[in-house]
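One structure is given here, and the rest of the page talks about it.
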Amino acid sequence: IHELRAFIETHRPSVVAVGAHGFAARHLYADVMSIIGEMEREGQAAPMCTWVDAETAEIYWSTSEAREEFKRLQQQ
């Protein structure tokens with residue numbers, strides 16, 4: 001969870017979208033909401049968090065925009 005918070009603080013997304021199936025996705029969503037709550041209590045700007053249909057996430061993931069965005073994140 002600390003690495004996830006560091007990622008959010010470093011990259012400052014406006015929205016974190018969780019798009020997956022199963023209990024792992026629910027745990028990830030809960031972790032992100034916990035991080036957002038901590039950031040808000042500390043007076044930091046925090047992103048919104050939302051669920052995204054897993055099929056929609058898969059469609060986005062297959063786009064050139066997603067490949068470019070995640071390529072830039074991997075280089076940092």
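These figures come from a predicted structure and were not determined experimentally. Only this structure's heavy atoms are used, side chains among them; waters, hydrogens and symmetry mates stay out.
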Could you pull out all residues at least two apart from Ala25 that satisfy side-chain contact (heavy atoms from CB on, under 4.5 Å)? Val18, Ala20, Trp51
side-chain contact (heavy atoms from CB on, under 4.5 Å) against Glu58, all qualifying residues, sequence neighbours excluded: none
Could you work out, with side-chain contact (heavy atoms from CB on, under 4.5 Å) as the rule, every residue matching Arg5, not counting sequence neighbours? Glu9, Ile35, Glu38, Met39, Glu42, Gln44
Nearest 0.5 Å, what's the SG-CG distance between Cys49 and Leu28? 7.5 Å
In the single-linkage hydrophobic clustering (I, L, V, M, F, W, Y; side-chain heavy atoms under 4.5 Å), do Val32 and Phe7 co-cluster? no
Mind checking who shares a hydrophobic cluster with Met48, ILVMFWY linked at side-chain heavy-atom distances under 4.5 Å? Val15
Qualifying residues under salt bridge (charged side-chain N to carboxylate O under 4.0 Å, His left out), relative to Glu40, sequence neighbours excluded: none
Minimum heavy-atom distance Pro13-Pro47, with the two atoms named: O-CB, 3.1 Å
Roughly how far, to the nearest 0.5 Å, is the CE atom of Met33 from the CG atom of Asp31? 11.5 Å
Sequence neighbours left out, what passes side-chain contact (heavy atoms from CB on, under 4.5 Å) with Thr63? Give chain and number order. Tyr60, Glu65, Ala66
Tell me whether Tyr29 is reachable from Ile36 by hopping between hydrophobic residues (I, L, V, M, F, W, Y) whose side-chain heavy atoms are closer than 4.5 Å. yes
